[in-house]
Structures are given as C-alpha cells and as structure tokens.
> 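Just dropping this structure here.
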Amino acid sequence: MAPSNNSDSALGRKFGEICSELNLDKAAADEAFNSFQRIQINYTLDGEKLHWLACALYVACRKGMTPTVGGRGGFVEGNCVSLTRLLRSCKLSLVDFFNKMKKWSDMANLPLEMRNKLEHLERNFHVSATIFKKFGTIFKHLFKTPMLSPVKQANRSRKRKMSLTSSHVFQFCWTLFVHVKANFKMISDDLVNSYHLLLACIDFCYSNVLVVENAKELLNAEFSELPPGFGEDHFKAPEPVPCIVEGLCARWEGLTLDAKGIKEHWLKPCIKRMVDKRIFACRDPTHFLGFMDPAYFEKNLRAISREYDQLLLNSGDFDERVFLNNNANDELGAANGDFDKTLNASMQNVQKIIKEAKSLAPTTPLSNRHFLNNRENMGAFSPVTNAVQTVSRLQSLLLGCKTEPSQTLQDVFESCSPNPSEKIQERVKELGDKFLSSYCQNLDGDRFTQPNTLAKRMLDSAVMLYYKCMEKIMIREQKKWNDNEKSHYLSNSLSHELFHVSLFSCCMEIVLFSHNSEKVFPWIVELFGENLGVRFQPIHFYRVIELIIRDEDGLSRDIVKHLNNVEEQVLESMAWKSDSVLWDMIKSNGTVPSCQDVTLSVSTGDNVFMSPNPVRKVEDRAFVSPGFINARRRLFDPVNDNSSQQQPQIIHLVPVQTQTISGEVRQMLILHPSSIQQTLPPTTQAPSIDATPTEQPKINKTGSLGLFFRKVYHLAWLRLRDLSEKLNISDEELRRKIWTCFEYSIRNHTGLMRDRHLDQILMCAVYSITKITLNDRNFQDIMKCYRQQPQAQSHVYRCVLLLNEPKADDKPDDEKKEERGDLIQFYNQVFIPEVKQFIMKFNGETGSPTLSPLPRLAANAISPYRRISNKHSLYISPLKGNTFPPSPKRPLSYHFLRSPAKDLRAINSMMRQNAPGSEKKVIKRILQDDSTSENANNHKQGYGHLTRTLCNERQNYDVDEDDNGDVEME
C-alpha cells in the first residue's frame, strides 16, 4: 500500500500545482478531485491518472458561471479557464482528451447538456483540422510558402516596424478566420460555411497584401488571378482590388454565391465593427484596404490575437491557433513541422481521427440501403468536397424553382374543391415566420450576427423544395385514379394538415442538414409541435420520408442516409415516448399486431419476402395488387385512424404461367383481390405466439399502425440478424427463439418500450434466450458487437430507464421522478420480471412454445434483379439452386469480401470455357466426374445453353435501376 500512497501523494501535489498554475478557484478544484476519487473507486482508470484528472477539471470548470465586471450584471460560462491551457498543464493532447472524455461522460453520467457541449467541441475540432489542411494548399497557390512557427511579437521598447512576411500573412489569415468563426455559432461547426468563410478571409488578405510595398516578395507570381503588369518594376495595384472569390471557388470547389454571401454579410460586418471600436486600424476602411500596411499590421495582429483570447476565456473552446505551432504534434496528437510535410503527411493522424469519428458525414444505416445511389469515383472524395457537393446538388435540384406553386401545381389545386392554394400558402407563410424567429433567437446579439441572412436563404430553399415535392407527389397520385375519382381524392389528400406540416418539416430538415446547421433533428419537429392546433410528432414526420426519397432522385447520398437515420430514430425510440400518439393508436387497435399480421407477403415457392414498401416504376402498377396501391394511398390518411374497424381485403394467390426470354415456361403466383374468403397456403401462414387464429385481431396492413409496425419489425430483424452474425449465432432455430422472445415482448409487454429504445429489448432478448438454451453470450460480448452497428450509442446501454413515476395531479410543479441505470440493471429489475415466465418455456423441459417464423428480407418479388452500376449493364439476382444443372464437382460461388480471388478466377475460367470454339475444354472438365458420356453431353449442352440464356436475359431485361428491394451486396 505504500507505493500506492506515495503515488496518490505525488498525484495530489501535481494536481495542486496545476490548480495554482491555472489560478483555479477552490470550489472547482475540490469538486474535480472528489469526482475523480469517486470514479476511481468504481472503475479502473487506465493510463496516466493526471489525464483523467484533466477530464474532471474540465467538467468542474464548465459547470459554473462567472459574473462580469462593468456593472452590467452579466455572466460568462465557466470560470475563465482555457481548455488549451488546461491540456498544456496536464500534458494531454486534444485527440486523447476527446477519447477520454467520451468514457468519462459515461462513467460520471454527465448531463445531456454537457455531452452536447463536448460533441460540438469535437466536431468544431474536426472541421478546423479539415479546413486547415485545405487552407495550406490554397495558401501556397496564392502566396510564397511560409514557415510554420510562432510569430515573434516585436519588442515594445523598440520602435522598429515589423517586416511583413508570408508567415505573418499565414498567421493573420488563420487567426482572423478562427476569430470570425468563433463569433458566429451558426457556422462554428459547419464545414460548408466555414470553408466559404476561409475563402473570404483569403480574398481579404490577398487584397491587402497586393497593395503593400513588398507584394512581389509575398505573392506567388504563378497565381492566375494576379492583375496585369504585376511583374513590372513600377506596378501599382488597382484600388479597390478586384474580388477573387469567384476564381477561388472555381479552382477549389466552392459555391460562389454562398462564399460571396459569407463575405458580405458575415466577414465585412465583423471587420467593420472592429474598425469602429478601434480594435483594427487601416488606411481605407471604405474598401477594407491597408490592414497589412507596415504602420498598422503589427497592431492589428496583436489586436486580433487579443480578441480571440477573450473569446476562448468566455467559451472554454480549444485554441485553434495551435495548428500554426511547431509543437502541434503534442497539443493535437498529430504530427507537424515543416509546412509541406504538414500538408501532405503531418495531418494524417488528425484526418484518421476524423475518418474514424465519422462526424463530418452521416453513417450508413442498416435499413433502406437500396435507396442509396452507388458511389463511384471515390478517388476525388474529401470531407470538404462531399459537404460542398451536398449543397451544390440541392441548389441544382432547385434550379428554376420558385417560392410559390408552379403552374402545374396550380392546375392541380384548381381541380380540387375547394381550391386549397390560398390556405396552403398561408400555412407556409406562418411556418416560415416561426422558423425565422426561432432559428435566430438564441444567437448572441453582441457578436454582430446577421440573423436573417442565412436563415432566410435556407427558408427559401425549403419552400421551393416543398412545392417541388408536393407537385411530384400529386402528379403520381393522379395516375392512380380515374377522372371521376380524381377530384375527390386530391381534395382529400390536400386537406390533411399533418401531411403539409410533415412535408414542409422534412424539406426544412433536408436544407438544415445540407448546410450543416447546428439545429439537428428533432429540433424542427419540436418547433412545429403545436402549430395551427395540430399535434405534430416524429411519428407523423417519418411517413413522408420515403415519399420524398422516391420522388426526388437528385438528393445527394448523404441526404438520403440522413433521412434514413432520422426514420430509424423515430422507429427505435422517438415514437415510443410517453406522450406519443402511438399509444392511442395501440389502444384503439386493442393490441400490437404481429410481424405476420402486417407483412405484405408474396409466396414464391418456399420463401416469404418482406419489405416495408417495395420500389416500383409507375408503369409497373398494372401488375401490382390493390394492396400495394392502398399502402401508398394510406400515407395521406390521419395517423390516429382506427385501422381495426376497416374490413381487410381478401387476397388470392392465383397461379399464372409465363414465358421467359429464353423460351422457358415457368409458373408464378400473383396476388388477386376477391370478396370470397380463402385460406392461404400453409407457407404464407404464421400462427401467433399465444393466440389462436380466431383470436387474431383484424389489422389493416396498409393503415397507419400496420405501416409503423411493419417498419419496426423490418428494422428490428435487420439489427438482430447483424447482431447474430457478429455473435456467431448461425443456428436458425436459435435465431427463431430470439425473434419469438422479442416479438412476444413487443406484443404482450408493450410497456417495456415506453421511453426506452428498441435495441435495449433486442439485446435483452439475445441474452435471455442464449442463456436459457445454454448458448451463453455474456452482456459484454453483446454490447461489444452492438457498438459495431452504425446506430450504436453508449447511452443506450449505459442510461436505461428503470423507474418512471409521473407527476402527482395535486403537485404539478414537482419534477417527475426518474431512475436510470445500465442495461444489466434493466434486465434484472424490469425485463426479467415481465417475461420470465415466457422465457422459461424455452428450457426444453416443458416444451418450447410455438416459434415465430423469421422475416425473409429479399428483393422485390416482381423484379429480383438489381443493377449494381449506373454506367454498366451489370446485374445481380438471388441464386435459385433448382435452375442450374448438377455441378460436375461443386457449385462455383463467390462471396464479395469473403471468398478468395481464386474462386472468382474459377468462375471466369468456366465462362471462357463455354465460349465458341472451346467445347473440348468443357468436355475434359466434365469427364473428371464419374458419369456416362451421355450425361457429359447433357452437361455440355446445359452449360452452353445456360451461358447464352444468362447473357441474353441480362442484356435485354428491362428493369428499373432503383428497384432493388432489400438485397444487399455483401
């Protein structure tokens, strides 16, 4: 114990020295050290303990509020301890700080506000690291290469003026950029707008360098935007200097309109304010020139650094000027040094952290991957390029659109009775005004913000997208009805308030995401939650997502992934909140439907294909059963409809003979409506878990509740299947038991999902069934595999609701009592008491209960082919074993990312052997099998016929590129 005591004593002395160095108040120091000791008792803290103390110090410093001087009665956040100074004192790099703070947040159970602060801080760092790498490349294109070292301030006792160098320009430009960025909360962690702000700062510095005496020593003579005669001895720069923002955007993948808007409405007002307050000095404030003249530059450099230091004390953010220092390797956790090495190799560690964190791009969810376009030409991909292209594609999509209904949409409105045009435009105006007032109300008015500039542009884009999407949706709906029904159904569709609010909100969310706004989902739903007397919730929002993704092919890949992520968030947790209308829907229906109750199934022999909503072209609707058409029509109906009151449509499976291109006659089953009830074949039926067939409630598969639970079951099975593969659970019967347990929990103990997460129930089902069947998987392994899924969040298993006591009616001001714990506590205290009796049935002694069939996720049964390239006619389709003749040795197969290269070479060799003139080679291969010559000839003819058939079918088969169902190429 002596070494431990000596170690703790040394740690305490070092901690006291750091507190003295930081001039930390006693209350914050005591709170930090006590918090560290509590965590140390319950957890094992790996590595340097002083680094963990730094995490405790940061939390303690950011909790309080410090009063300001001057008699204004104001406060600043924290106790004015800079994060950069704290990390320097503890010798902790910024990258390591973020990694440790993620663990510290879970161990200390930090509040959501603090977690959001840390996420914002980390994203700000990722944005700055990415921008700095781009900045160095652009700077070398305009200016002479600088040396990355701290600029030494001139001795005040000396009156000698500072000689301007490219290093000074480099430091001034970056400091100006980070100062302006820190003043505007709306763009501090916005990659696109931050990049355009950088281009505006470079343009500002270029203009001021061009008019100084030694401009030729600073500017790169090969820069194409230099004015004529720059190389002459008596060159004089024109004033005002021409703007080069457009040229920079053309050369470095920027958006000219956005960059010029940032320059005019953000950068210039910021500089003008500092000039008016005599913080900056210049020769020509009207044209913003002379800031780098020898008489003013030294003062301006010192002033901008001082102003930025003040911002850091108030905000507690890290000092982004550390990128300029030679010791950035220690402070950032990434190598640095020579300028060229910095741009090419020194930022690799930082870029690796950014890539692993994936904070600058949305993750690819497990569901709805068939909506994503294939990403090609990955060599040109970069975070900045991807972010800018997202905005650029949105602008291209809205090219020619207006903030009012088009003539085509006006014609649709006029066909309705009454005409909804006026009411729709009034609603858009009201929603837009509410967005503008709320988007800017939390901004700090003392920081020269322009509240309506960026927000108004985003609102205009959302309105244009709203009308564009509505027009496409209404045109598609028109094609489903005859002339007599058209007016009635259009009027009915356009009369739903929730549809319009959902569509407008989704368009607004697309624009906010494209501009990397700090207003993230579900902010837009909370904003319009109580609008025009309508109770708008996330469960209403998700229903328009698929409509927009299908109709708008121009949406970028990242936008589609973001919308899919939003839909998953709604299905997994947001729709299960206590105040959600989902509980009213379930109560109205009487019970939660089973997976088979809501599955739109098509029998194809031995498989049941399930997909939330297959994708089809308009012209394919002639071959689609009315069940699918109604599913689309129901998307416009109110969410709280009483689906159980409606008579379900009876569907017959009718055998039909069809002929393929190769002439082969096959028999397939199609759906056909009928008024006579008929028992479906056994392959399409699935008994309920506990109920008999007569007890099954009638559920409208195309209604609101049916659509919701079809998507929930679809998402749950995707995640359970992925989790089972990672846990090496390959036995199908064991998977069925886990799925049966999960479905039973959702249906019979639905309260387990109230204010909880879908993944919590899934992980508990996996653990309980594997334990009772002696296929133990401990919670550590389950959570480890869960963390590898794209949607995984640590709070899902670290902060689970255990007890939720509602407020007393007679004490409305009392806070709601809520107890939370980890997933293991939830399993022992809540989950097992609810479902223990059912789980015990799987122990094999009393006989296993009836198992629910596993959902079968496959491509659209009407078109099983999937095109895997937009540039080549290359398709894949599910393997049908009975189609192929017997293999001479073994089936030739190749699994992407799994099989060795020799398997692919064997397939290519087989295909070449079946080419004309290669019959002898085929015979030799077939003769290796013990078969007669007659069988060999049959095999020879079979392979030749098969090859020709495959080539003809895949060249001539007309298939929709997006008709991919849910087949994923692994």
Side-chain angles (χ1 to χ4, degrees), residues 2-67 76-111 114-115 117-118 121-122 124-125 150 305-306 308-323 325-334 336:
S4 177
N5 292 336
N6 293 336
S7 177
D8 292 343
S9 178
L11 181 65
R13 287 195 302 270
K14 184 62 178 176
F15 178 75
E17 294 173 2
I18 292 175
C19 293
S20 300
E21 181 182 346
L22 297 174
N23 195 23
L24 193 65
D25 59 282
K26 187 177 184 303
D30 291 343
E31 180 181 353
F33 198 78
N34 293 335
S35 175
F36 169 79
Q37 288 183 321
R38 289 195 303 269
I39 298 299
Q40 190 179 22
I41 294 174
N42 299 321
Y43 299 92
T44 301
L45 302 179
D46 297 331
E48 180 62 45
K49 291 185 178 181
L50 187 62
H51 294 170
W52 295 106
L53 263 175
C55 298
L57 278 171
Y58 176 79
V59 175
C61 290
R62 303 318 306 168
K63 279 186 176 181
M65 302 292 290
T66 302
V76 295
E77 181 184 354
N79 55 0
C80 297
V81 174
S82 168
L83 173 61
T84 304
R85 287 183 56 208
L86 172 62
L87 298 183
R88 284 174 181 170
S89 300
C90 298
K91 294 181 173 55
L92 177 64
S93 70
L94 193 61
V95 172
D96 291 337
F97 169 75
F98 288 133
N99 291 334
K100 289 187 179 297
M101 278 305 303
K102 290 178 183 177
K103 300 175 182 178
W104 187 266
S105 300
D106 293 331
M107 292 186 294
N109 195 21
L110 296 182
M114 179 62 71
R115 293 174 186 263
K117 169 72 176 178
L118 290 169
L121 190 64
E122 184 177 11
N124 190 20
F125 163 66
S305 298
R306 184 173 59 251
Y308 185 62
D309 288 335
Q310 185 63 37
L311 279 178
L312 292 179
L313 292 177
N314 294 339
S315 63
D317 292 342
F318 77 100
D319 190 344
E320 298 179 56
R321 292 171 298 183
V322 297
F323 291 100
N325 299 336
N326 280 331
N327 62 342
N329 180 34
D330 299 327
E331 299 195 25
L332 293 176
N336 206 345

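Everything numeric in this text was worked out from a predicted model, so none of it was measured. If you read the sequence from its start, that first residue is 1, and numbering goes on from there.
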> Strictly by ring pair (Phe, Tyr, Trp, His ring centres under 6.0 Å), give each pair with a member in residues 16-35 just once, sequence neighbours left out.
Phe15-Phe33
> Could you pull out all residues at least two apart from Asp319 that satisfy side chain to side chain donor-acceptor pair (under 3.5 Å)?
Arg321
> Write down the atom of His51, the atom of Cys90, and the distance for their closest heavy-atom approach.
CD2-O, 3.4 Å
> To the nearest 0.5 angstrom, please state how far the CG atom of Leu94 sits from the CG atom of Asn99.
10.0 Å
> Please evaluate residues Leu11 and Phe36 with respect to the criterion side chain to side chain contact (heavy atoms under 4.5 Å, CB included), reporting the C-alpha separation (whole Å), side-chain torsions for both, the decisive distance (0.1 Å), and the verdict.
CA-CA 12 Å; Leu11 181 65; Phe36 169 79; 3.8 Å; yes
> If you measure from CE on Met107 to NZ on Lys102, what distance do you get to the nearest 0.5 Å?
14.0 Å
> Should Val59 and Ser35 count as side-chain neighbours, where that means a heavy-atom distance under 4.5 Å?
no
> Quick one: list whatever passes ring pair (Phe, Tyr, Trp, His ring centres under 6.0 Å) with Phe97, sequence neighbours left out.
Tyr58
> Just do the side chain to side chain contact (heavy atoms under 4.5 Å, CB included) check on Val322 and Arg88 with the steps written out, would you?
CA-CA 11 Å; Val322 297; Arg88 284 174 181 170; 4.0 Å; yes
> Any chance you could measure Glu122, atom CD, to Asn124, atom CG, to the nearest 0.5 Å?
11.0 Å
> Mind checking salt bridge (charged side-chain N to carboxylate O under 4.0 Å, His left out) for Arg115 and listing every partner two or more places apart, or none if nothing turns up?
Asp106
> Please work out which of the three classes, parallel, tilted or perpendicular, describes the rings of Phe323 and Phe125, given edges at 30° and 60°.
parallel
> Identify the two heavy atoms, one from Ala32 and one from Ala56, that lie closest to each other, and give their separation to 0.1 Å.
O-CB, 3.4 Å
> Tell me the closest heavy-atom pair linking Ala28 and Ala60, and the distance in Å.
O-CB, 3.5 Å
> My understanding is that only residues two or more places apart in sequence, or in another chain, count here; which of them pass ring pair (Phe, Tyr, Trp, His ring centres under 6.0 Å) with Tyr308?
none
> With sequence neighbours excluded, what pairs up with Ser89 under the side chain to side chain donor-acceptor pair (under 3.5 Å) test?
Glu21
> What pairs with Glu48 under side chain to side chain donor-acceptor pair (under 3.5 Å), at least two apart in sequence or on another chain?
none
> Looking at residues at least two apart in the chain, or sitting in another chain, which of them share a side chain to side chain contact (heavy atoms under 4.5 Å, CB included) with Lys14?
Glu17, Ile18, Leu50
> To the nearest 0.5 angstrom, please state how far the CG atom of Leu86 sits from the SG atom of Cys61.
6.5 Å
> In Å and rounded to the nearest 0.5 Å, what is the CZ to CG distance from Arg62 to Leu57?
12.5 Å
> Under the salt bridge (charged side-chain N to carboxylate O under 4.0 Å, His left out) definition, can you give me all pairs with a residue in residues 27-37, not counting sequence neighbours?
Lys26-Asp30, Glu31-Lys63
> Could you grab the distance from atom CG of Leu53 to atom CD1 of Ile39, nearest 0.5 Å is fine?
11.5 Å
> Any side-chain to backbone donor/acceptor pair from Trp52 onto Asp46? Under 3.5 Å, distance only.
yes
